[in-house]
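Have a look at the structure below, then the notes.
For reference, positions follow the sequence shown, starting with 1.
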Amino acid sequence: MAFAVVTGANRGIGLALTKELRQRGYQVLAACRAPSPALSALDVDIADDVDVTQNAGIERLASSVGTRNIDLLINNAGILRWGDKLEALDVKGIREQFDVNALGPLLVTSKLRTRLPRGAKVALITSRMGSIDDNSSGGFYGYRMSKAALNMAGKSLAEDLRAQGVAVAILHPGMVKTDMVGDHGQVEPEQAAQGLLARIDALTLATSGGFWHANGERLPW
């Protein structure tokens, strides 16, 4: 049975990905800070108290993985802090977004890299708001900058893991109806999860390091 690890799995896109993977027959380890009732109701392993910005949380995740090989690692945990304006920068919030959105996935992947066999895949759930070329509205400094940093981390991971036979996808899920955006999205989490997994299914070493929309569109850096 294929084994997947999903971070930020207690709600939103992470929960939808966990459900979809379980329906596909994966054994899933769902990592989160605190499990939701919806996550607890699923037939999956749960690693709770996992804060991807803290060594203790990442160690707890690694311990939950144990000696199992990871066929698919989805770095989904992320945050958005609203109200970041040029005239009133939320410096604490900007740093927090960098820690969770950019550094967290890198730390998790680095820690679990020895559990990734040849043919494994790593997915980073990013945002097109991290695209420099696509930015025509400004603002959201912390979120945009942290996701641009995540995109760069993903490209470097693709190069560093290539010799190991591990492919990396950098994926934008679309504007998804989740708590993070006050349910103001255009896409349901289940639809986003299906699109993301379709991109992961299509991922190869030849396409590793690409930046895609869940709908299959190649996104500009």
Atom CG in Asn101, atom CG in Asn75: separation rounded to 0.5 Å? 11.5 Å
Separation between CZ (Arg60) and CG (Asp48), nearest 0.5 Å, reads 7.5 Å
Evaluate whether atom CG of Asp201 has more than 12 neighbouring non-hydrogen atoms of other residues, nucleotides or ligands under 6.0 angstrom away. yes
Heavy-atom count around Arg95 CZ within 6.0 Å, excluding the residue itself: above 12? no
Between [X] and [Y] (side chain of the first, backbone of the second, donor and acceptor by atom type, cut-off under 3.5 Å), is there such a pair?
X      : Y      : result
Arg22  : Asp43  : yes
Gln97  : Tyr143 : yes
Thr207 : Thr204 : yes
Arg199 : Ala169 : no
Ser131 : Pro220 : yes
Ser63  : Glu59  : no
Arg128 : Gly174 : no
His172 : Trp212 : no
Lys155 : Leu150 : no
Arg115 : Thr67  : yes

Taking C-beta and beyond as the side chain, do Lys121 and Val166 meet within less than 4.5 Å on heavy atoms? no
Are side-chain heavy atoms of Leu171 and Phe211 found at a separation under 4.5 Å? no
Pairing of [X] and [Y] as salt bridge, 4.0 angstrom limit:
X     : Y     : value
Arg33 : Asp51 : no
Asp90 : Arg81 : no
Glu96 : Lys92 : no

Side chain to side chain contact (heavy atoms under 4.5 Å, CB included) partner of Cys32, the single match among Leu39, Val52, Asn76: Leu39
Using the rule that Ile, Leu, Val, Met, Phe, Trp and Tyr join whenever any side-chain heavy atoms are under 4.5 Å apart, tell me whether [X] and [Y] fall into a single cluster.
X      : Y      : value
Phe98  : Met129 : no
Leu103 : Val5   : yes
Leu15  : Tyr26  : yes
Leu107 : Leu157 : yes

Can you check side chain to side chain contact (heavy atoms under 4.5 Å, CB included) on Thr7 and Val50, steps first, answer last? CA-CA 8 Å; Thr7 67; Val50 173; 5.8 Å; no
Ile74 vs Val122, side chain to side chain contact (heavy atoms under 4.5 Å, CB included): CA-CA, chis, key distance, verdict: CA-CA 6 Å; Ile74 301 181; Val122 175; over 6 Å; no
Can the ring centroids of Trp82 and Phe140 be said to lie less than 6.0 angstrom from one another? yes
Please list, chain by chain and in numerical order, all residues satisfying salt bridge (charged side-chain N to carboxylate O under 4.0 Å, His left out) with Asp45, sequence neighbours excluded. Arg68
Leu161 vs Val168, test: side chain to side chain contact (heavy atoms under 4.5 Å, CB included). Steps then yes/no. CA-CA 8 Å; Leu161 293 174; Val168 179; 4.1 Å; yes
